[in-house]
Amino acid sequence: MTKPPLTLYLAAPRGFCAGVDRAIKIVEMALDKWGAPVYVRHEIVHNKYVVDGLRDKGAVFVEELEDCPDDRPVIFSAHGVPKAVPAEAAKREMIYVDATCPLVSKVHIEAARHHENGLQMIMIGHEGHPETVGTMGQLPEGEVLLVETVEDVATVQVRDPERLAFVTQTTLSVDDTIDIVAALHARFPKIVGPHKEDICYATTNRQEAVKAMAPKCDAMLVVGAPNSSNSKRLVEVGSKAGCAYSQLVQRAPDIDWRALEGIASVGITAGASAPEELITEVIDAFRDRYNVTVEMVETAVENVEFKVPRVLRVPA
């Protein structure tokens with residue numbers, strides 16, 4: 001039986017960003033330096049395959065610092081942590097390594113600077129997301145107010161409308177925030193924004209690639225985890241950009257082949273915490289069923305690299 005022909009459009013950039021790459025490297029280098037077990041507060045990045053792989057090497061994932069012993073190193077996830085967490089680790093004289101993405105740290109520094117200047121902060125983000133919790137936890141209670149929608153902007157209660165600044169969660173899309181930012185400026189004309197939106201280069205680049213790819217595709221699959229904010233945004237961006245069937249899959253076995261019957265082209269991309277081997281696995285699954293032609297849709301070239309903390313570059 002001859003396999004039906006299928007064009008696979010592969011988005012570039014896709015998958016791992018520099019911050020995720022660095023966070024995973026931090027856990028691996030900590031295991032090399034101090035041996036197992038090394039504790040990690042929260043999933044280092046939002047991807048089950050990555051977390052399971054590190055667990056097999058000796059990483060122990062916990063929800064809170066109180067779940068860690070004093071005498072083993074602990075690593076804070078790429079999403080960032082409230083200020084109270086490293087303070088508590090220092091008090092317990094623990095060895096700790098902060099794997100917060102430098103672009104998230106930049107938002108933390110920005111928030112602290114505005115606070116020193118007497119401004120109350122408004123954060124555009126998703127309630128309960130680890131990054132939002134971490135950023136809001138940089139400042140005292142009540143100093144950062146969260147808005148998720150344009151409707152929230154209308155009802156947010158501020159201390160002084162003349163003395164406000166805003167920051168955004170890095171994994172949102174530019175399209176997600178544009179209306180909320182406009183609503184903030186309309187209600188609080190004096191509000192101070194970041195020089196450049198806080199949305200990270202990798203989030204933006206992956207979304208631009210999807211926008212370029214979506215109109216060519218009958219269907220689009222985003223390889224990523226259901227708790228990954230930037231992966232879920234890619235699915236939405238694909239739908240909005242004209243791809244009728246846009247779905248999130250964790251791995252190849254999750255593909256709904258019935259839904260793909262009769263199609264001629266599929267776009268594939270991956271969220272910033274999905275490793276390339278899972279994308280390869282998905283492509284291979286298509287090759288098993290179709291006569292596949294792969295075409296790249298490249299909209300940017302990324303060569304960003306973030307250094308790991310110095311403590312890991314010196315021998316134990």
Side-chain angles (χ1 to χ4, degrees), residues 2-22 24 45-50 53 171 173-175 199-305:
T2 53
K3 295 178 189 173
L6 181 78
T7 305
L8 276 190
Y9 292 105
L10 201 51
R14 64 180 176 278
F16 277 3
C17 62
V20 164
D21 217 23
R22 172 179 177 268
I24 293 165
V45 296
H46 282 159
N47 189 280
K48 184 182 180 320
Y49 179 82
V50 171
T171 50
S173 75
V174 178
D175 302 346
I199 291 155
C200 93
Y201 78 93
T203 300
T204 304
N205 287 350
R206 277 151 194 67
Q207 292 179 2
E208 289 306 317
V210 162
K211 284 179 189 173
M213 184 173 74
K216 305 173 190 278
C217 310
D218 297 332
M220 191 181 91
L221 298 181
V222 177
V223 180
N227 60 341
S228 158
S229 173
N230 75 83
S231 302
K232 289 197 292 202
R233 299 291 84 73
L234 289 173
V235 175
E236 291 164 13
V237 170
S239 297
K240 280 187 188 148
C243 185
Y245 181 87
S246 185
Q247 290 296 316
L248 185 69
V249 293
Q250 292 201 69
R251 300 194 63 167
D254 303 327
I255 298 170
D256 180 355
W257 298 105
R258 284 222 311 261
L260 300 176
E261 269 170 24
I263 55 161
S265 59
V266 174
I268 294 178
T269 187
S273 40
E276 190 62 25
E277 53 260 49
L278 296 189
I279 301 156
T280 306
E281 180 186 277
V282 166
I283 295 170
D284 289 344
F286 276 99
R287 288 194 198 280
D288 289 344
R289 289 168 172 80
Y290 295 90
N291 182 6
V292 169
T293 310
V294 176
E295 285 190 32
M296 290 285 266
V297 179
E298 187 170 69
T299 51
V301 176
E302 291 177 353
N303 47 18
V304 179
E305 203 179 316

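We count residues from 1, following the sequence as given. Please read all numbers here as calculations on a predicted model, not as lab measurements.
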Would you compute the distance between atom [atom1] of [X] and atom [atom2] of [Y] and round it to the nearest 0.5 angstrom?
| X | Y | atom1 | atom2 | answer |
| --- | --- | --- | --- | --- |
| Ser228 | Gln250 | OG | CD | 10.0 Å |
| Tyr290 | Leu8 | OH | CG | 9.5 Å |
| Phe286 | Leu221 | CZ | CG | 5.0 Å |
| Met220 | Ile268 | CE | CD1 | 10.5 Å |
| Leu10 | Ile283 | CG | CD1 | 4.5 Å |

What pair of heavy atoms forms the shortest contact from [X] to [Y], and how long is it?
| X | Y | result |
| --- | --- | --- |
| Pro226 | Leu248 | CA-CD2, 3.7 Å |
| Ser246 | Ser239 | CB-OG, 3.4 Å |
| Pro13 | Asn205 | CG-CB, 3.7 Å |
| Val20 | Ala272 | CG2-O, 3.3 Å |
| Ala252 | Ala285 | CB-CB, 4.0 Å |
| Gly238 | Ala214 | O-CB, 3.7 Å |

Donor-acceptor check, side chain of [X] to backbone of [Y], threshold 3.5 angstrom: yes or no?
| X | Y | answer |
| --- | --- | --- |
| Ser265 | Lys216 | yes |
| Arg22 | Ala18 | no |
| His46 | Ala225 | no |
| Asp218 | Ile263 | no |

Taking Lys211 as the fixed residue, which of Val297, Asp175, Thr299 is the one that meets the side-chain contact (heavy atoms from CB on, under 4.5 Å) rule?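 It is Asp175; the other options fail the test.
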Can you tell me which residue pairs pass the salt bridge (Lys or Arg N to Asp or Glu O under 4.0 Å) test with a partner in residues 287-298, sequence neighbours excluded?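 Residue pairs passing salt bridge (Lys or Arg N to Asp or Glu O under 4.0 Å), neighbours aside: none found.
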Can you pull the salt bridge (Lys or Arg N to Asp or Glu O under 4.0 Å) pairs that have at least one residue in residues 237-260, sequence neighbours excluded?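 Only Arg251-Glu281 qualify under salt bridge (Lys or Arg N to Asp or Glu O under 4.0 Å).
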Heavy-atom check, side chain of Asn291 versus side chain of Thr2, under 4.5 Å: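 They are not in contact (no side-chain heavy atoms under 4.5 Å apart), so the answer is no.
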Who pairs with Thr269 by side chain to side chain donor-acceptor pair (under 3.5 Å), at least two apart in sequence or on another chain?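 Applying side chain to side chain donor-acceptor pair (under 3.5 Å) to Thr269 gives none.
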Does the side chain to side chain contact (heavy atoms under 4.5 Å, CB included) test come out yes or no for Leu234 and Gln207, once each step is laid out? CA-CA 6 Å; Leu234 289 173; Gln207 292 179 2; 3.8 Å; yes
Applying side chain to side chain contact (heavy atoms under 4.5 Å, CB included), can you list everything that pairs with Val50, at least two apart in sequence or on another chain?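 For Val50, the residues satisfying side chain to side chain contact (heavy atoms under 4.5 Å, CB included) (neighbours in sequence not counted) are Phe16, Ile24, Val45, Asn47, Leu54, Pro275.
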Applying side chain to side chain contact (heavy atoms under 4.5 Å, CB included), can you list everything that pairs with Ser229, at least two apart in sequence or on another chain?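 Testing Ser229 for side chain to side chain contact (heavy atoms under 4.5 Å, CB included), a comparison that skips the adjacent residues, returns His126, His129, Gln169, Thr171, Arg233.
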Does NZ in Lys48 sit with more than 12 non-hydrogen atoms of other residues, nucleotides or ligands closer than 6.0 Å?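 Incorrect, the count does not exceed 12.
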Working note: Cys17 + Arg206, criterion side chain to side chain contact (heavy atoms under 4.5 Å, CB included); need CA distance, chi angles, decisive distance, verdict. CA-CA 10 Å; Cys17 62; Arg206 277 151 194 67; 4.2 Å; yes
Of all residues at least two apart in sequence or in a different chain, which pass the salt bridge (Lys or Arg N to Asp or Glu O under 4.0 Å) check with Lys232?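 So Lys232 forms no salt bridge (Lys or Arg N to Asp or Glu O under 4.0 Å) with any residue.
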